[in-house]
Amino acid sequence: MKKEIPKIYKPGSIEEKIYDKWEKSGYFNPDKLANDKIISENAKPYSIVLPPPNITDKLHLGHSSVLAIEDLLIRFHRMKGFRALWIPGTDHAAIATQNVVEKKLLKETGKSRHDLGKKKFLKEVWKFLRETQTVILKQARKMGASLDWSREAFTLDEPRKKAVEKMFVDMHKEGIIYRGERIVNWCPRCHSTLADDEIEYEKQKAKLYTFKYSKDFPVSISTTRPETKLGDTAVAVNPKDKRYKDIIGKKFSADFCGIGLNIRIIADNEVDMDFGTGALGVTPAHSITDWRMAEENNLEIKKVIDENGKIRKGFGKFSGKTAEEARKSVVAELKKQGLIEKEEEIENNLSVCYRCGTAVEPLPSKQWFVAVDKKLERLGNKSLKEKAIEAAQEKEIKFFPERFEKRYLDWMENLHDWCISRQIWFGHSIPAWHKKDSDEVYVGEKAPEDKENWIQDSDSLDTWFSSGMWTFSTMGWPETFTNGKKSGDLAEYHPTDVLNTGYEILTLWVSRMIMMSLFAIGEIPFRHVYLNGMVLDEYGKKMSKSKGNGIDPLDMIEKYGTDAVRLSLLIGSTPGNDVRVGEEKIGNFRNFTNKLWNISRFIISKEKEADNKEQETENLTLADKWITRKMASLIKKTSEDIGEYKFSQAGERLYDFTWHEFADWYLEISKFEENKKEKDYILNAVLKDLLKLWHPFIPFITENIWSHLDNKKFLMVESYPDEKFYRENFAAANDTDMVDFDAVIEIIKSARAIRNENKIGSGKRMDIFIDAEKTIGISTDDIKGFILSQEKIIKNLRTGIGKIKFLSRGERIEGVVSKTTSNGITVYARLKELVDTEKERASAENEINNLEKYISGLEKKLSDKNFVKKAPKEVVEQEKEKLKKAQIKSEEIKKYLEQL
RNA sequence: GGACGAUUAGCUCAGCUGGUUAGAGCACUUCUCUUACAAAGAAGGGGUCACUGGUUCGAAUCCAGUAUCGUCCACCA
């Protein structure tokens, strides 16, 4: 005996219980699936690595979205018989984590990291890490994520540490990791370099000074930072600028506020002739473009500002002053000498540190870099950059939506060497040692033997260096890769099938993963990149903690259930576009889960009475054929959509079928149509397959209902429905019949409208009839012979539909619609009596006119030899098809006109 | 400054390679406690598809331009 099933679906604690059962079954691990013969031995692999969330994060809707999408893909492929693997893990997020701990420390003890010292501070970080690390992954379980926990990884655990060190040493051996002096973004307060994306811009008003270095200097320059001009070694002008043509290449010396300068005039295309005087003072040490010019022109590099943001020694009275103080005194000095020609207010962008808001100083500094342009033998004499661009151009890696390929390529083409060292304490240590009192550097996985004389590099690695290796470092690299051969997980599951992430880290992460995988194992890390949009609040704002507008997915799960949350993230969004999610939306999908629950409840209770599971397909009504036919196409289209990452479309179609076709119509009809055996059989089959189709979207409720259906196996490991079942067993269901039932629906709806308009109460019997003259009408005890004039029905009707009767949900169809003739009839060929003949004639004539022009156009096109030769074959075929269709249609309309 | 995207019903959005009368959910109006479901059922109202041109037999869909909004990148010395 089955227990009574409650009327309202309450997810509550059931979800956790179901998840526990799944996890204990071990089926999240594909090896176990193979061992238990749930999938075949030679099943194809399907793998995804979870983008590792930061350990500082709590689960937010952005994560939920990625989890929902990837879980959908994994569950779908698992049911399709793939060896589906989904690897979980977390990211140590070097800078972000250090900041969080720093802030926490300051708040709780008032101490900075410098007060504690590196050792003690790191101890604090690890303490924090242990508390938070598992939290977010536990929350992933709440989302129902079928991750293989036996393979869990962390970007800073031992295996990953070894992998990172090996990678660094290998790249160094190949000469693409090098140490060099470059202009970096330096935060004088944090004492660290900042990556380009760690800089924020503030609009501000600044004074633009136009002046000469000294009285006898031939050109004036403009700048907002006169103090840096102490380090100028050149003046750059545009080569096209006629004003300065004659002095290009000449050298001048100047006495700039008491400091001697040797200035060469150089030409550079990047100089804007219209800005200021059109001449730019080149300060190689404190500007990135100037540094480039200096390299190209072999200019001397004079550092002016030190790492504390102060003027260095050797600049007379200015030395020791902060940049700001120095600016004031330089300006004062210039004024005194009467050299300032202009002083104007302009608006510009000030770069500031994203953490503390301090103005960033561009400084030359010794850092570790990855060379992206260096050609390598192991890459077929191509550079990392070239290979990574190639992968996208040759469609080895495909982007969804496609437009992101362009963004990726644009970014890659402008890529400069990647600075991978960060002056922070938390993160991967750099496997490099500096010899005391010497410039000698040793790079290796182990420290040099003579430990006393060597000090390990104090910097840490950029967090993207380790997460860039994520697809293969989680699969046992480097152990699983020897002599160019993959083994173990790496052989089985790499490259992964898809990387799914927000488009905002396309450049930061995706491009680095591609380069690192190409370098380490010579193959791409993933075949597809699916970029999902950002999750916004219901007003279209980014969710953020500070604004307090974020919806906590855990609250929503508590309130509406995981399935409703998943649906609200999967439906109503298109790839690469942002999704707005508010509580209301989640509530709506909760209503749907309840609907599904009640549909199942109805069928399960019916089945109890009938208890007939034999295949019964002898007496099929029009409705039976209709629903099975629709089911077949539903299965096909759902699979196709998921394969193309169109989750929203797939979900919407399922939603519509479940609610508005299966529940609203078929279930109602099943209550009174008399072929009980067939009805029970079909209801049961459709319900089971619907649950399977829905499972990747809403795993909990479907698994739950499944357990009420007397099934021993988990729904999770059932195989995906097959459309053939419906096509083969209900072969009578062809297109024509389906259209007919759709027409019946339209008739019934219109009849109901008339009933409503005429206030015919419920409970009264109402007949709908279509008589021999093809008039449609309804009659009740009160009213007789209303004629339906809705063109809607008329156009959908076919000839010869018999008599149907119904009462509404309450109503019933008593008779069944009889067979119709079908021959690709046009929509005009009906119910002449109700149609305005003149209007019809005019519109048909117009259509024929249009069609004839169209046809002649097509014929012309097809007789054009150039077109037939040059256009792809499919296109020509398509055009021919179009022509045929148009010709048939035109014939039909002509016939119709004759009838009129 | 460059690139990309968006503009469709009161709101949030679908509409795939041009083709019947442009769709959904919510909201709104009217009716119905009916034994799967009131978190429901039935019916209905509401749209010059941002604007202007062009291509086409035919444009929400393709092309060009304009306007507004958004995102990313670059950065002004």
Side-chain angles (χ1 to χ4, degrees), chain A residues 5 7-9 196-197 201 206 208 221-225 228 236 270-272 275-276 279-283 287-290 346-349 351 401 403-404 406-407 410-411 414 503-504 506-507 533-534 538 540 560 571-574 576-582 584-585 587-606 640-641 644 646 648-649 652 655-656 660 663-664 667-668 671 749-750 752-757 759 761-763 791-792 795 807-811 826-827 846-847 849-858 875 878 882 885-886 889:
Chain A
I5 308 170
K7 259 188 174 184
I8 289 175
Y9 176 63
D196 289 344
D197 46 275
Y201 295 97
L208 179 71
I221 56 161
S222 301
T223 182
T224 53
R225 298 202 56 188
T228 63
E270 262 183 50
V271 179
D272 179 356
F275 188 92
L280 156 71
V282 181
T283 322
S287 151
I288 292 165
T289 39
D290 293 10
I346 59 159
E347 206 170 71
N348 72 352
N349 276 327
S351 7
R403 67 184 142 93
F404 284 102
K406 188 174 170 354
R407 191 186 276 193
D410 281 352
W411 195 81
N414 292 318
Y503 60 77
E504 69 276 8
L506 172 67
T507 49
M534 275 186 300
E538 54 196 313
Y560 302 105
I571 297 183
S573 68
T574 35
N577 291 331
D578 299 340
V579 210
R580 291 193 193 189
V581 177
E584 201 189 279
K585 188 175 178 187
N588 288 334
F589 283 112
R590 187 270 320 265
N591 294 358
F592 174 76
T593 58
N594 194 48
K595 186 78 186 181
L596 183 61
W597 181 252
N598 276 298
I599 291 169
S600 312
R601 215 158 69 87
F602 173 72
I603 295 173
I604 291 169
S605 68
K606 226 171 139 47
E640 282 170 3
D641 282 343
E644 289 165 35
K646 293 176 180 169
S648 182
Q649 225 176 89
E652 266 177 73
Y655 179 98
D656 199 56
H660 300 305
D664 285 353
L667 243 56
E668 291 302 326
K671 288 176 187 168
K749 279 182 154 188
S750 305
R752 282 175 184 166
I754 288 186
R755 188 197 60 194
N756 269 3
E757 274 166 33
K759 300 205 171 122
S762 77
E791 278 179 56
K792 229 186 213 172
K795 289 199 174 178
L807 300 170
S808 129
R809 188 176 155 168
E811 293 163 354
T826 79
V827 291
N846 184 37
E847 175 125 9
N849 255 342
N850 281 346
L851 274 169
E852 266 166 9
K853 277 187 211 165
Y854 177 44
I855 288 168
S856 72
L858 275 178
V875 176
Q878 273 171 22
K882 281 182 186 174
K885 270 189 192 170
K889 200 171 171 186

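Because only heavy atoms are used, hydrogens play no part in the values below, and waters and symmetry mates are left out as well, while side chains stay in. Lettering of chains follows the sequences in order, A, B, ..., and the numbering in each one begins at 1.
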> Is the side chain of A:Asn594 donor-acceptor paired with the backbone N or O of A:Arg590 at a distance under 3.5 Å, no angle test?
no
> Considering Watson-Crick and G-U wobble pairs with both distances under 3.5 Å, what does B:C33 pair with?
none
> So, is A:Lys7 close to the B:A39 phosphate, meaning a side-chain N or O under 4.0 Å from OP1 or OP2?
no
> Which one is paired to B:C62, where only Watson-Crick or G-U wobble pairs with both distances under 3.5 angstrom count?
B:G54
> Could you tell me whether the side chain of A:Glu668 has a donor or acceptor atom within less than 3.5 Å of a complementary atom in the base of B:A42?
no
> Scan A:Thr574 against the nucleic acid and name what it touches under 4.0 Å (heavy atoms): base, sugar-phosphate only, or nothing.
sugar-phosphate
> Should the pair A:Tyr655 and A:Phe589 be assigned to parallel (<30°), tilted (30 to 60°) or perpendicular (>60°) ring geometry?
perpendicular
> First locate atom OH of A:Tyr9, then atom CG of A:Asn591, and finally report the distance between them rounded to the nearest 0.5 Å.
14.0 Å
> I need the minimum non-hydrogen distance between A:Ile599 and A:Ala663, along with the two atoms involved.
CD1-CB, 3.7 Å
> In whole Å, what is the span from the CD1 atom of A:Ile288 to the C1' atom of B:A74?
11 Å
> How would you label the contact of A:Lys646 with the nucleic acid (heavy atoms, under 4.0 Å): base, sugar-phosphate, or nothing?
base
> Would you mind telling me which of B:A39, B:A14, B:C37 lies closest to the side-chain atoms of A:Asn591?
B:A39
> A:Arg407 has an atom CZ; how far is it from atom P of B:G5, in whole Å?
10 Å
> Does A:Thr574 use its side chain to pair, donor to acceptor, with the backbone of A:Asn577 at less than 3.5 Å?
no
> What's the gap between B:U56 and B:C51 when it is taken at their P atoms, as a whole Å value?
23 Å
> Have a look at A:Ala663 and say if it touches a base, only the backbone sugar-phosphate, or nothing, with a 4.0 Å heavy-atom cut-off.
base
> Taking atom C1' in both B:U8 and B:G47, what distance in whole Å separates the two?
8 Å
> Partner lookup for B:C28, please. Criteria are Watson-Crick or G-U wobble with both distances under 3.5 angstrom; report none if nothing qualifies.
B:G44
> Looking only at the side chain of A:Gln649 (C-beta and beyond, no hydrogens), which of the listed nucleotides B:A39, B:A36, B:G15 gets closest?
B:G15
> Give the nucleotide from the list B:A36, B:C26, B:A3 with an atom nearest to the side chain of A:Ile599.
B:A36
> Could you tell me how far apart A:Glu584 (CD) and B:G10 (C1') are, to the nearest whole angstrom?
13 Å
> Measure distances between side-chain N and O atoms of A:Lys595 and base N and O atoms of B:C37, and say whether any donor-acceptor pair falls under 3.5 Å.
yes
> What does B:C49 pair with, Watson-Crick or G-U, if both distances are under 3.5 Å?
none
> Base, sugar-phosphate, or nothing: which does A:Glu644 touch, judged by heavy atoms less than 4.0 Å apart?
nothing
> Does A:Asn577 have a side-chain nitrogen or oxygen under 4.0 Å from the phosphate oxygens OP1 or OP2 of B:G5?
no
> Check every strand shown and say whether A:Leu208 touches a base, only sugar-phosphate, or nothing at a heavy-atom separation below 4.0 Å.
nothing
> I'd like to check A:Glu640 versus A:Lys646 (side-chain heavy atoms, cut-off strictly below 4.5 Å). Are they in contact?
no
> Hey, which of these two, A:Val579 or A:Asp656, hits RNA chain B nearer its 5' end, going by closest nucleotide?
A:Val579
> Look up atom CD in A:Glu652 and atom CD in A:Gln649, then write down how far apart they are to the nearest 0.5 Å.
7.5 Å
> Can you tell me how far NZ of A:Lys595 sits from NE2 of A:His660, rounded to the nearest 0.5 angstrom?
8.5 Å
> In whole angstrom, give the distance that lies between atom CG of A:Asp290 and atom C1' of B:C76.
12 Å
> Of the nucleotides B:C72, B:A36, B:A39, which has the atom closest to the A:Leu667 side chain?
B:A36
> Within the structure shown, what part of the strands sits under 4.0 Å from A:Asp578 by heavy-atom distance: base, sugar-phosphate, or nothing?
nothing
> Please state how far atom CG in A:Asp664 lies from atom C1' in B:G25, giving the value in whole angstrom units.
14 Å
> With a non-hydrogen cut-off below 4.0 angstrom, is A:Ile8 in contact with a base, only sugar-phosphate, or nothing?
base
> Quick check for you: among B:U71, B:C26, B:A14, whose closest atom lies nearest to any side-chain atom of A:Asn588?
B:C26
> Determine the interatomic distance between P on B:U7 and the same-named atom on B:A14; round to the nearest Å.
7 Å
> Would you compute the distance between atom OG1 of A:Thr593 and atom CG of A:Asn588 and round it to the nearest 0.5 angstrom?
11.0 Å
> Would you measure the distance from the C1' atom in B:A9 across to the matching atom in B:A60 and give it in whole Å?
14 Å
> Could you tell me which nucleotide pairs with B:C72 by Watson-Crick or G-U wobble geometry, both distances under 3.5 Å, or answer none if nothing does?
B:G2
> Looking only at atom P, what distance separates B:A39 and B:C69, rounded to whole Å?
42 Å
> Determine the interatomic distance between C1' on B:U55 and the same-named atom on B:G45; round to the nearest Å.
37 Å
> Would you mind reading off the distance between A:Phe602 atom CZ and B:A36 atom P, rounded to a whole angstrom?
6 Å
> Describe the nucleic acid contact of A:Arg403 in one word from base, sugar-phosphate, nothing, applying a heavy-atom distance below 4.0 Å.
sugar-phosphate
> For the C1' atoms, the ones on B:G15 and on B:U71, what distance do you get once it is rounded to whole angstrom?
23 Å
> What distance, rounded to whole Å, do you find between the two C1' atoms, one in B:U61 and one in B:G18?
6 Å
> Output the rounded distance in Å from CG (A:Asn414) to C1' (B:C72).
13 Å
> Using atom CZ of A:Arg601 as one end and atom P of B:U35 as the other, report the distance to the nearest whole Å.
11 Å
> So, OP1 or OP2 of B:A24: does either fall under 4.0 Å of a side-chain N or O from A:His660?
no
> Across all strands shown, which nucleotide pairs with B:U7 by Watson-Crick or G-U wobble geometry, both distances under 3.5 Å?
B:A67
